[in-house]
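Report on one structure; see the data block that follows.
For this chain, numbers begin at 1 and follow the sequence in order.
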Amino acid sequence: MAKDPLAEAGLHFDELNKLRVLEPEAAQKTAGLKEECKEFVDKIGHFQRIVGDLIELVDALAKEAELEKMKAIGARNLLKSVAKQRESQQQQLHALIAEKKMQLERSEQLCREAGPV
């Protein structure tokens, strides 16, 4: 079989009979690789959009959770404050009851000392 002088020089004809520097098989593999790379870049872009949306969603949920946490802390502090106020009121009422009992006892004692009317 005769050697192709163009092939020996590194020149080849493609399926459209255009003169190429690459061998037809290498050119075909290169085109296939180019297409795969394009698909890969498209998939990576799609993945980045999905991840970006996910990050936005997680950030929104984190902000909402932080807000609810602050509300819960505020409610707990308010509950503690109400409990302390109630305890203080209870102590004041106990002191008032004790004072009234003492007044009643004094009144009863004065009535006994004064005798029957």
Nearest-0.5 Å distance that lies between atom CG in Asp53 and atom CD in Glu56: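 Reported to 0.5 Å precision, the distance equals 5.5 Å.
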Nonpolar side-chain network containing [X], other nodes, edges under 4.5 Å:
{"X": "Leu54", "result": "Val58"}
{"X": "Leu33", "result": "none"}
{"X": "Ile44", "result": "Phe40"}
{"X": "Val51", "result": "Phe47, Ile55"}

Side chains of residues 78-100: which donor-acceptor partners sit under 3.5 Å, not counting sequence neighbours?
none

Non-hydrogen atoms of Glu105 and Arg112 that approach each other most closely: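 Where Glu105 meets Arg112 most closely, the heavy atoms are O-NH2, 4.4 Å.
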Side chain to side chain donor-acceptor pair (under 3.5 Å) partners of residues 40-50, not counting sequence neighbours, each pair once: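 Every side chain to side chain donor-acceptor pair (under 3.5 Å) pair that includes a residue of residues 40-50, provided the two are not neighbours, is Lys38-Asp42.
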Side chain to side chain contact (heavy atoms under 4.5 Å, CB included) against Glu113, all qualifying residues, sequence neighbours excluded: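 Side chain to side chain contact (heavy atoms under 4.5 Å, CB included) list for Glu113, sorted by chain: Gln109, Leu110.
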Contacts of type salt bridge (Lys or Arg N to Asp or Glu O under 4.0 Å), residue Glu68, not counting sequence neighbours: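 Result, salt bridge (Lys or Arg N to Asp or Glu O under 4.0 Å) vs Glu68: Lys71.
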